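Data first, discussion second: the structure below is written as structure tokens.
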Amino acid sequence: WRLIEAHARGGPSDWSGLLVWYDAEAVELMADARVLVAGRLVRAEMRARADGTRFTLLAAYMPPQRTSRTPRQASEWRAAWHALEAAVAAARAAGELVIVGGDLNAQTLAAVDEWGAYAGDSDEWLDDLQVEHDVVSAASEVEATYVQRTVTDAARSTIDHWLVGREHL
């Protein structure tokens, strides 16, 4: 196994940080991975050893949705989503097989509807990303990936994703 790291920038309120573990016997890293956003977004050019398929992995840990943000949080949130969108756009424009994997801290609009939740700004960005670049969730859009139980109920969300170009499903 091998590890790609994107360290957080630091600071007592910085909860970011991204680790990508991959099986080097199954997948080959073709060049050094590039950190696009510290602690949030990594781009790795990879090749499946079984059949030689090359792909671009965009591993992400996006900032959490909040109903209100400090100016710094708002800036970091915008920077992370803009960087992800730009990386997907560049890979798709180059004709690359792109895979976005990670905790996007966002749900598809189908999941928002399923859970009867409010669509936040990250959910809207995810929807825009999917529509504008024709990428779709490779897993269930409505199967809970995070469940927080309370005494009376359980809050569910689908914030972990594997997104690929529609043509690869």
Side-chain angles (χ1 to χ4, degrees), residues 1-8 15-65 76-112 114 119-147 156-169:
W1 287 88
R2 299 280 194 283
L3 176 66
I4 300 169
E5 300 176 74
H7 298 283
W15 295 96
S16 66
L18 178 64
L19 299 174
V20 179
W21 288 95
Y22 66 96
D23 183 346
E25 292 183 16
V27 179
E28 177 183 8
L29 184 63
M30 301 303 295
D32 288 341
R34 292 190 347 244
V35 175
L36 303 179
V37 178
R40 295 288 180 196
L41 185 60
V42 170
R43 177 186 172 105
E45 304 299 323
M46 306 189 97
R47 183 181 68 82
R49 293 186 188 274
D51 65 2
T53 299
R54 293 177 73 108
F55 61 96
T56 298
L57 174 66
L58 297 172
Y61 175 45
M62 301 303 280
Q65 292 200 83
E76 290 173 354
W77 180 87
R78 274 190 305 279
W81 278 100
H82 280 291
L84 177 59
E85 194 277 334
V88 170
R92 298 287 284 161
E96 300 170 9
L97 166 55
V98 63
I99 300 171
V100 178
D103 180 349
L104 301 185
N105 274 309
Q107 301 186 91
T108 64
L109 295 184
V112 169
E114 175 72 19
D121 46 11
S122 295
D123 304 324
E124 297 291 342
W125 267 85
L126 176 58
D127 185 63
D128 289 347
L129 181 75
Q130 291 181 287
V131 170
E132 291 177 26
H133 301 290
D134 202 24
V135 294
V136 296
S137 183
S140 170
E141 291 187 35
V142 296
E143 182 178 336
T145 59
Y146 177 79
V147 178
R156 294 172 176 81
S157 62
T158 309
I159 58 175
D160 303 309
H161 298 274
W162 287 104
L163 303 176
V164 297
R166 183 177 309 279
E167 70 276 13
H168 297 292
L169 285 184

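No experiment lies behind these values; they were computed from the predicted model shown. Nothing fancy with the numbering, it's 1 onward along the sequence.
Summarising the geometry, atom NE2 belonging to H161 is positioned 10.5 Å from atom CG belonging to L129; distances are rounded to the nearest 0.5 Å. Here the CG atom belonging to D121 is positioned 9.5 Å from the CH2 atom belonging to W81, to the nearest 0.5 angstrom. Separating the CG atom in L97 from the NE2 atom in H168 is a distance of 4.5 Å, to the nearest 0.5 Å. In this structure, the separation between NE2 on H7 and CG on L19 is 8.0 Å, given to the nearest 0.5 Å. Within the model, atoms CG of L163 and CG of D134 stand 11.5 Å from one another, a figure rounded to the nearest 0.5 Å. The CZ atom of R2 lies 10.5 Å from the CD atom of E28; values are rounded to the nearest 0.5 Å.
The minimum heavy-atom distance between A44 and A33, with the atom names listed, is CB-CB, 4.2 Å. Scanning all heavy atoms of the two residues, the minimum distance from W21 to L3 falls at CE2-CD1, 3.7 Å. Between A89 and H133, the shortest heavy-atom distance links the atoms CB-CE1, 3.3 Å. Here the closest non-hydrogen pair linking A119 and V112 is N-CG1, 3.7 Å. Looking at every heavy atom in both residues, A59 comes nearest to L18 through O-CD2, 3.2 Å. Here the closest non-hydrogen pair linking S122 and W77 is OG-NE1, 2.8 Å.
At most 12 non-hydrogen atoms from other residues, nucleotides or ligands lie less than 6.0 angstrom from CZ of R54. The local environment of CG in D32 is sparse, with at most 12 non-hydrogen atoms from other residues, nucleotides or ligands closer than 6.0 Å. Heavy atoms of other residues, nucleotides or ligands lying less than 6.0 angstrom from CZ of R34 number 12 at most.
With hydrogens and angles ignored, the 3.5 Å screen pairs no side-chain donor or acceptor of N105 with any backbone N or O of Q65.
E45 and R43 are joined by a salt bridge, as a carboxylate oxygen and a charged side-chain nitrogen come within less than 4.0 angstrom of each other. We find that E167 and R92 are joined by a salt bridge, their nearest charged nitrogen and carboxylate oxygen being less than 4.0 Å apart.
Residues V100 and V88 have side chains in contact (heavy-atom distance under 4.5 Å, counting atoms from C-beta outward).
Residues satisfying the side chain to side chain contact (heavy atoms under 4.5 Å, CB included) test with V37, not counting sequence neighbours, are R40, L41, A83. Contacts of W125 classified as side chain to side chain donor-acceptor pair (under 3.5 Å), with partners at least two apart in sequence or in another chain: none.
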